[in-house]
A.B. asks: 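Before anything else, here's the structure in question.
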Amino acid sequence: MSLALARKYRPSTFDDLIGQESVSQTLVQALESSRLSHAYLFSGLRGSGKTSTARIFARALLCEQGESAHPCGKCPSCIAANEGRHIDIIEMDAASNRGIDDIKEIIEHTKYKPGMARYKIFIIDEVHMLTPQAFNALLKTLEEPPAFVKFILATTDPLKLPATILSRSQHFRFKKISHKLVLQHLEHILNKEGIEYEHSALEVIARSGAGSLRDSLTLLDQAIVYSKNFVDSVTVTRMLGIIEVSLLENLVKNILARNESEILAFVKDSAEYETEMIINELILHLKERLLSQDPLIQPMILDRFFRILSDAKSLLALNADGEFILLLTLLKMVEALQIKEIDSMIKTLEKELNGSLLASPTMISSPNISKTNQTIVLSMEEIGIEATPQHKHEVKSSTQNETQTKHIEITNQNEPNSQPDPLDHRKQKQTFDLLIKKIYDRDYELGECFEKNIHFVKFENSTLTWETEAQEEDKKILTPHFGMIRMFIRDLFGIETKIVPIAINPSQKTTENAIETTGKEQEEKECAPESGSMIEEYEMRSSCIMPESGDEEAAKEKEPSNILEEPMIVGVLNLFDPQKVRVKKKS
């Protein structure tokens with residue numbers, strides 16, 4: 001009867017152990033110097049050689065020629081141990097014998113001397129499966145057993161063992177067997193068995209074994225039968241249900257080339273495979289390319305790819321559609337290739353901040369842009385705040401009794417303030433066209449109504465003048481959205497921008513000379529409720545000038561002492577982080 005390769009080629013001496021040189025060397029030296037402990041603990045990955053080492057060590061202890069790292073193999077003790085029938089080697093599986101009664105039976109055996117050898121050896125496999133009561137019963141015997149008793153404990157999870165057990169035994173940690181050693185061992189076995197193979201097929205088997213020599217030999221056994229004594233990569237990948245390496249290479253090539261049509265074809269062709277397996281194999285493939293220092297893929301790109309693949313595995317845990325997740329993941333990997341160099345980003349931002357590009361003030365809040373020193377003036381009349389001498393912050397008031405415009409000035413004093421040059425008329429008109437485009441993007445119907453009824457005149461001294469021919473139906477569309485329009489205006493023209501609408505007869509528009517007024521007249525025009533413009537109507541309803549507005553938040557009087565607690569002021573302070581805040585009236 002043929003044996004499985006894992007049993008047929010089980011190591012019988014310390015020299016046969018694969019990848020555990022530190023463990024075998026320590027035990028050999030302990031045997032040769034007669035410095036033996038009463039209890040040993042072997043922990044490590046499954047298939048790393050724990051139980052085999054325990055049996056080799058037991059045979060070395062019981063050889064009639066004496067304690068030696070190289071037992072004779074001819075004496076009755078060695079022969080009985082090799083055949084697995086030695087009466088003084090007692091093996092117990094703690095997974096199926098985990099109760100206190102099983103441990104009491106072992107303790108009872110320790111009272112009697114060995115039958116034919118110098119030691120009585122207890123090998124307890126998967127010892128972490130014992131119950132807490134069983135561990136407690138074992139403690140005293142494990143700490144002070146009779147001189148002729150040796151304990152060898154084996155486990156795959158040493159963290160589950162009580163600290164009292166760990167402290168009473170010598171702990172040997174078995175390493176994960178390297179891919180190279182597993183591959184060499186597989187080649188050695190196939191050569192001895194006289195079976196032909198492809199090296200790439202053994203690579204796949206060794207990788208699937210994940211550091212466990214027993215698992216790799218089990219897969220090799222299966223591959224020999226499935227491939228009819230010729231182990232090739234195509235047969236092995238088909239047997240394991242994993243994707244071929246060549247397909248992954250083509251996939252990565254198409255991702256780097258941003259060939260979305262080929263990527264979509266790959267997703268359709270790979271529908272027979274499990275998505276999680278494809279992602280795992282793709283991670284391993286990228287790892288190999290990183291170790292080989294592939295110049296086509298930068299480490300930054302690999303880092304992005306790995307994050308995307310990790311996110312895909314978390315989505316698969318939610319039982320989402322695998323094919324959709326795979327396609328989404330691959331397309332995200334294509335998007336991850338769009339890297340902009342830091343130097344070019346800095347140069348672009350410098351141009352924008354210097355005024356070379358038309359940039360909105362909202363860009364200043366980007367985390368990639370350092371804060372600039374600016375002075376922001378916010379009209380207090382828009383939020384319904386009246387400054388008083390009792391304000392707890394610094395307040396400067398003019399002595400004039402006329403109507404005054406109150407504002408908050410927030411200054412970052414790291415550098416002197418600099419005022420931008422005024423835009424010429426052409427650039428002003430381009431900025432106004434950009435305003436229309438932004439309104440279109442937000443609401444097409446609103447943008448169409450705005451473009452039809454509002455016409456740019458000029459922009460000077462932070463005042464935007466336009467002509468409006470909006471009638472009743474158009475006002476119903478424009479008025480509810482004026483807050484949003486004003487926000488866009490301040491984004492494009494500046495936060496101090498005032499709006500001066502000129503109502504015109506649709507059949508005859510006034511000229512620019514006819515609408516020039518003094519600053520006082522403009523101020524009166526903004527406050528005049530009988531102007532008939534939808535702008536004035538909105539401003540009046542949303543200000544403290546009209547307390548009859550009822551529930552309008554802006555219409556309510558606010559305490560000057562709470563000025564810095566206003567949401568808009570808090571937002572400005574958080575955005576610019578000024579070192580000094582000064583509140584003053586503007587004459």
Side-chain angles (χ1 to χ4, degrees), residues 11 14 17 19-63 67-69 81 86 88-114 117-176:
F14 287 111
L17 289 175
Q20 308 298 344
E21 289 79 9
S22 60
V23 174
S24 59
Q25 183 179 357
T26 304
L27 294 177
V28 166
Q29 292 178 356
L31 288 167
E32 293 179 349
S33 61
S34 297
R35 300 182 64 88
L36 300 173
S37 176
H38 59 277
Y40 295 87
L41 173 63
F42 297 162
S43 67
L45 181 71
R46 68 188 187 279
S48 57
K50 301 184 298 296
T51 306
S52 297
T53 303
R55 292 173 180 174
I56 295 171
F57 189 51
R59 288 197 295 269
L61 288 173
L62 300 183
C63 180
E67 298 168 357
S68 173
H86 202 295
D88 292 324
I89 300 178
I90 304 170
E91 291 192 33
M92 187 187 83
D93 180 19
S96 55
N97 302 278
R98 58 194 304 264
I100 189 172
D101 293 333
D102 301 301
I103 296 301
K104 284 182 178 181
E105 186 177 350
I106 289 179
I107 295 173
E108 187 67 22
H109 278 291
T110 61
K111 298 178 182 179
Y112 306 101
K113 290 185 177 182
R118 70 176 61 88
Y119 294 113
K120 181 172 286 190
I121 300 175
F122 295 90
I123 301 175
I124 305 178
D125 201 7
E126 300 299 335
V127 68
H128 65 274
M129 299 295 290
L130 292 178
T131 62
Q133 295 79 7
F135 275 126
N136 293 333
L138 183 62
L139 284 179
K140 189 62 177 178
T141 304
L142 189 65
E143 182 178 13
E144 297 178 355
F148 53 82
V149 172
K150 301 293 183 185
F151 284 98
I152 303 177
L153 312 178
T155 179
T156 56
D157 195 351
L159 297 179
K160 292 184 178 179
L161 296 180
T164 50
I165 296 292
L166 295 173
S167 65
R168 286 166 167 80
S169 56
Q170 287 190 10
H171 191 178
F172 290 82
R173 295 172 177 84
F174 284 66
K175 299 179 297 183
K176 174 183 175 181

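Numbering starts at 1 and runs along the sequence shown.
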A.B. asks: Counting only N and O atoms by type, is there a donor-acceptor contact under 3.5 Å from the side chain of Ser52 to the main-chain atoms of Gly49?
C.D. replies: no
A.B. asks: Using 4.0 Å as the upper bound for N to carboxylate O, is an ion pair formed by Glu108 and Lys104?
C.D. replies: no
A.B. asks: Among Asn97, Asp93, Leu130, which residue meets the side chain to side chain contact (heavy atoms under 4.5 Å, CB included) test with Asp102?
C.D. replies: Asn97
A.B. asks: Are Phe174 and Phe42 an aromatic pair by the rule of ring centers under 6.0 Å?
C.D. replies: yes
A.B. asks: Angle between ring planes, Tyr40 versus Phe172, binned at 30° and 60°: parallel, tilted or perpendicular?
C.D. replies: tilted
A.B. asks: Any idea which heavy atoms bring His109 and Lys120 closest together, and the distance?
C.D. replies: O-NZ, 3.4 Å
A.B. asks: If you look at every heavy atom in Ala60 and Ser68, which pair is closest and at what distance?
C.D. replies: CB-O, 3.0 Å
A.B. asks: For a 4.5 angstrom cut-off between non-hydrogen side-chain atoms, does Ile106 reach Phe151?
C.D. replies: yes
A.B. asks: Kindly compute the distance separating OG1 (Thr131) from CD1 (Ile100), expressed to the nearest 0.5 Å.
C.D. replies: 7.0 Å
A.B. asks: As an exercise, state the distance from CZ of Phe122 to CG of Leu138, rounded to the nearest 0.5 Å.
C.D. replies: 10.5 Å
A.B. asks: When you look at Phe14 and Val23, which way does the side chain to side chain contact (heavy atoms under 4.5 Å, CB included) test go after all the steps?
C.D. replies: CA-CA 9 Å; Phe14 287 111; Val23 174; over 6 Å; no
A.B. asks: Quick one: closest heavy-atom pair of Lys50 and Gly44, and the distance?
C.D. replies: NZ-O, 3.3 Å
A.B. asks: Between Ser24 and Leu17, which heavy-atom pair has the shortest distance, and what is it?
C.D. replies: CB-CD1, 3.9 Å
A.B. asks: Output every pair passing salt bridge (charged side-chain N to carboxylate O under 4.0 Å, His left out) with a member in residues 159-169, not counting sequence neighbours, ordered by first then second residue.
C.D. replies: Glu143-Arg168, Asp157-Lys160
A.B. asks: Can you name the one residue among Ile124, Val127, Ile123, Asp125 that meets side chain to side chain contact (heavy atoms under 4.5 Å, CB included) with Met92?
C.D. replies: Ile124
A.B. asks: Which heavy atom of Glu67 sits nearest a heavy atom of Ser34, and at what distance?
C.D. replies: OE1-OG, 4.1 Å
A.B. asks: Measuring from Thr26:OG1 to Gln20:CD, what's the distance to the nearest 0.5 Å?
C.D. replies: 11.5 Å
A.B. asks: Test ring pair (Phe, Tyr, Trp, His ring centres under 6.0 Å) on Phe148 and Tyr119 and set out the steps.
C.D. replies: CA-CA 5 Å; Phe148 53 82; Tyr119 294 113; 8.9 Å; no
A.B. asks: Salt bridge (charged side-chain N to carboxylate O under 4.0 Å, His left out) with Arg46: which residues, sequence neighbours excluded?
C.D. replies: Asp215
A.B. asks: Any side-chain heavy-atom pair from Leu27 and Thr53 closer than 4.5 angstrom?
C.D. replies: yes
A.B. asks: Between Leu161 and Leu41, is there a side-chain heavy-atom distance shorter than 4.5 Å?
C.D. replies: yes
A.B. asks: Of all heavy-atom pairs between Arg118 and Leu61, which one has the smallest distance, and what is that distance?
C.D. replies: NH1-O, 2.6 Å
A.B. asks: Atom NE2 in His171, atom CG in Leu166: separation rounded to 0.5 Å?
C.D. replies: 6.5 Å
A.B. asks: Report the distance from atom NE2 of His38 to atom OG1 of Thr141, rounding to the nearest 0.5 Å.
C.D. replies: 10.5 Å
A.B. asks: When rounded to the nearest 0.5 angstrom, what distance separates CG in Leu31 from CD1 in Ile56?
C.D. replies: 11.5 Å
A.B. asks: How about Ile165 and Leu153: do any of their side-chain heavy atoms sit closer than 4.5 Å?
C.D. replies: yes
A.B. asks: Assess whether salt bridge (Lys or Arg N to Asp or Glu O under 4.0 Å) is satisfied between Arg98 and Glu126, documenting all intermediate values.
C.D. replies: CA-CA 10 Å; Arg98 58 194 304 264; Glu126 300 299 335; over 6 Å; no
